[in-house]
Amino acid sequence: MNWRIPAIVATPCFIPALCGQDCPHYFFLIMSIRVRFAPSPTGDLHVGGARTALFNWLMARKSGGTFILRVEDTDGARNTAEAAAGIIKGMRWLGLDWDEGPEVGGDCGPYFQSQRKDIYDSYFKKLEDAGRVYAEADGAMRFKFSRTAITVHDLVCGDVTFAPTEEPDMTIRRPDGSYIFHFVNVVDDIEMRMTHVLRGEDHLSNTWKHIDLFNAFGATPPTYAHIPLILNPDGSKMSKRDEGSAIEHSYMNAGFLPAAVFNYLCMLGWTPKAESEKLSREELTALFDADAIHSSNAKFDLKKALWFNAQYLRELSPEELLKHALPFLAAKGLAWTNDTMAAAAVHSVREKVSLLTELPEWVHYFFREDYPFEADVVTKLKAKPENAGLLKAAAEQLALAGEWTEQGVHDAVEAAAKALSVKPGAMMPLLRFALSGQSRGPGVTTIAHLIGKEKTLARIERALVEVMGA
RNA sequence: GACCCCUUCGUCUAGCGGUUAGGACACAUCCCUUUCACGGAUGCGACACGAGUUCGAUUCUCGUAGGGGUCGCCA
């Protein structure tokens, strides 16, 4: 494809007086890229929309251009302020910031279409003056199509030519005077001086209508890039109820890290030229190329999304991890006074989980003394009568430990094992069970060290009495 | 029904006329190991089909099938 992102645009010489007729010169204008994400606030931010926003953001950030957020709330019956707020919340969570739009303002505002009626009225007038509109019986206004062949030059799909249409002229204004999507979308793309439009492929079939409108206004259409859709694993269209579809519900509240979702979504429909798929926001920005976006739809894969999340989770520092885990721990009623200890606790199990929501079940015993003992483990341990003695011996040796470090704990257990002629490996599971009530978790020495000597001994005593019948 | 887009392992994909068709996720096995994991190694596994172009097609063209999308006073 030849139409690269025109950060530099060639335009024929516009001062023929200086050069004479048919002058061969071109001026190279540096045109700043302006892109937008234009959601309609009818519901939560959807993965498809999020990725569209992401690609637009990437394009703007890479080129030093401008990313605009425009809320397309022309349908009073369906749009809600809550939905608009939710979309903004989701974008902020993903780390997408905009240069113009709600909350930040800009020269082309307002950025809610519901507040731009005057602008639309004046554009509508232009169409009226050009004789391109006519009224229906009930007052709705239609735009007279040019009914010529129209070619869409698309960064992703190439040249797509639509034959002169046989569809009825499209309605652009309702009887109540409010305007329809196709009209306001084009008007705003002109008014906000958009240079590129990256949007879902579901819009491709309608793009000729938009170009017809641009032509009617005597405006140059932006460069389009229609990106493929994200489908369910079974290939069906993803809708609100489907797993993984809503940013807030499926990701924010489900224990995903924004960076992981950001990364995963980028891999759906675009492959950066890099060794690894795990790439930071900065790397993705540097690598982004709208021309390299795929033209085929992609199916959503939760397993891979989880893998990305696990990767990001385990490289967080203890403090960062605790910060992200906080709401999820609190939701399970876990509380603490020592942040350093809590951070160390969650950090000790970072390689065992792929979602923040899994954290509580892995660390709850760090924060309370009344943790339950898992039934099947109880049965298993009681089956061997010598276990109580082993545990008691370990406790006695632990009580003698001088320095309460992981090494110190380890040495004590080793000494106790040696005295009874068993391997430390025979004692560790018993201790793990006593200290956590579970059969899995971080290293036993890590648990003991983190909860301290006093609690370690008390917990063993409790297990001995309550479970082992000692 | 009309029009548009798409089609490589189960999934995301690399490939841009000649490759043992590569990688990642998932799955399986082994190693590591006090558990669960992590990590390492290995394995499993694909060019939708049919014509054509060509010395040679996964790659180019056409057709078929399949999937998706659009045809709203929704966006």
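Only a predicted model underlies this, so the values are computations on that prediction, with no experimental measurement involved. So that the names make sense, note that chain A is the first sequence line, chain B the second, and so on, each numbered from 1.
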Participant: Where do N or O atoms of nucleotides 36-39 of chain B meet protein N or O atoms at under 3.5 Å, pair by pair?
Facilitator:
from: B:C36; atom 1: O2; to: A:Lys352; atom 2: NZ; distance (Å): 2.3
from: B:C36; atom 1: N3; to: A:Lys352; atom 2: NZ; distance (Å): 2.7
from: B:A37; atom 1: O2'; to: A:Glu351; atom 2: O; distance (Å): 2.2
from: B:C38; atom 1: O3'; to: A:Arg314; atom 2: NH1; distance (Å): 3.2
from: B:G39; atom 1: OP1; to: A:Arg314; atom 2: NH1; distance (Å): 3.3

Participant: Is there a Watson-Crick or G-U wobble partner for B:C73 with both distances under 3.5 Å, and which nucleotide is it?
Facilitator: none
Participant: For the pair A:Tyr251 and A:Phe300, name the ring-plane relationship: parallel under 30°, tilted 30 to 60°, perpendicular over 60°.
Facilitator: perpendicular
Participant: Go through it in stages, so that I can follow the logic: the residues are A:Arg173 and A:Glu128, the test is salt bridge (Lys or Arg N to Asp or Glu O under 4.0 Å), and I'd like the CA-CA distance, side-chain angles, deciding distance and then a yes or no.
Facilitator: CA-CA 12 Å; A:Arg173 199 177 77 177; A:Glu128 228 172 9; 5.7 Å; no
Participant: Mind checking who B:A24 pairs with, Watson-Crick or G-U wobble, both distances under 3.5 Å?
Facilitator: B:U11
Participant: Once you apply a heavy-atom cut-off of 4.0 Å, does A:Val444 come out as touching a base, just sugar-phosphate, or nothing?
Facilitator: base
Participant: From the options B:U34, B:A26, B:A24, select the nucleotide whose nearest atom is closest to the side chain of A:Lys303.
Facilitator: B:A26
Participant: How many Å lie between CH2 on A:Trp208 and P on B:A2, as a whole number?
Facilitator: 18 Å
Participant: Would you say B:G15 has OP1 or OP2 under 4.0 Å from some side-chain N or O of A:Lys273?
Facilitator: yes
Participant: For nucleotides B:U61 and B:A75, find the distance between their C1' atoms and express it as a whole number of Å.
Facilitator: 38 Å
Participant: Given A:Arg70 and A:Glu191, is the salt bridge (Lys or Arg N to Asp or Glu O under 4.0 Å) satisfied, shown in steps?
Facilitator: CA-CA 12 Å; A:Arg70 181 174 81 215; A:Glu191 275 289 296; over 6 Å; no
Participant: Polar atom pairs between nucleotides 8-10 of chain B and protein, under 3.5 Å, N or O only, would you list them?
Facilitator:
none

Participant: Counting the atoms with a prime plus P, OP1 and OP2 as sugar-phosphate, which does A:Phe162 contact under 4.0 Å by heavy atoms, base, sugar-phosphate, or nothing?
Facilitator: sugar-phosphate
Participant: Please report whether the ring centroid of A:Phe55 lies less than 6.0 Å from that of A:Phe288.
Facilitator: yes
Participant: Does NZ belonging to A:Lys455 count more than 12 external heavy atoms closer than 6.0 Å?
Facilitator: no
Participant: May I ask you to verify if any side-chain N or O of A:His294 is less than 4.0 angstrom from the OP1 or OP2 atom of B:A14?
Facilitator: yes
Participant: Going by the glycosidic torsion and a 90 degree boundary from 0, is the base of B:C16 oriented syn or anti?
Facilitator: anti
Participant: Where do A:Glu167 and A:Lys209 land on the salt bridge (Lys or Arg N to Asp or Glu O under 4.0 Å) test, with the steps shown first?
Facilitator: CA-CA 11 Å; A:Glu167 282 181 32; A:Lys209 298 176 186 172; 3.3 Å; yes
Participant: Mind telling me whether A:Phe433 and A:Phe373 have parallel, tilted or perpendicular rings, with 30° and 60° as the class edges?
Facilitator: tilted
Participant: If you take all heavy atoms of A:Val47 and A:Met238, which pair is closest and at what distance?
Facilitator: CG2-SD, 3.5 Å
Participant: Taking NZ, NE, NH1 and NH2 as the nitrogens, is one of them in A:Asp169 or A:Arg132 under 4.0 Å from a carboxylate oxygen of the other?
Facilitator: no
Participant: What is the base-pairing partner of B:G39, counting Watson-Crick and G-U wobble geometry with both distances under 3.5 Å?
Facilitator: B:C31
Participant: Could you run through nucleotides 62-75 of chain B and give me one letter per nucleotide, 5' to 3': B if any protein heavy atom sits under 4.0 Å from the base, S if only the sugar-phosphate is that close, - if neither?
Facilitator: ------SBSSBBSB
Participant: Let me know, please, whether A:Tyr264 or A:Gly425 comes out on the 5' side of the other along RNA chain B by nearest nucleotide.
Facilitator: A:Tyr264
Participant: Taking B:A21 as the reference, what is the distance to B:U13 when you measure between their C1' atoms (whole Å, please)?
Facilitator: 13 Å
Participant: Aromatic contact between A:Phe181 and A:His203, with the criterion being ring centroids under 6.0 Å apart: yes or no?
Facilitator: yes
Participant: With a 3.5 Å limit on both atom pairs, tell me what B:U59 is paired to, counting Watson-Crick and G-U wobble, or say none.
Facilitator: none
Participant: Applying side chain to side chain donor-acceptor pair (under 3.5 Å), run through A:Asp121 and A:Tyr179 and close with a yes or a no.
Facilitator: CA-CA 9 Å; A:Asp121 282 342; A:Tyr179 295 90; 2.5 Å; yes
Participant: With C1' as the reference atom in both, quote the distance from B:C60 to B:C47 in angstrom, rounded to an integer.
Facilitator: 15 Å
Participant: Using atom C1' in both nucleotides, what's the gap between B:U42 and B:C32 to the nearest angstrom?
Facilitator: 15 Å
Participant: Given atom CZ of A:Phe300 and atom P of B:U13, what is their separation to the nearest angstrom?
Facilitator: 13 Å
Participant: Remember a base hit wins even if backbone is also touched, and classify A:Gly200 as base, sugar-phosphate or nothing at under 4.0 Å, heavy atoms.
Facilitator: nothing
Participant: Flag the pair A:Trp208 / A:Phe145 as yes when their ring centroid distance falls below 6.0 Å, and as no otherwise.
Facilitator: yes
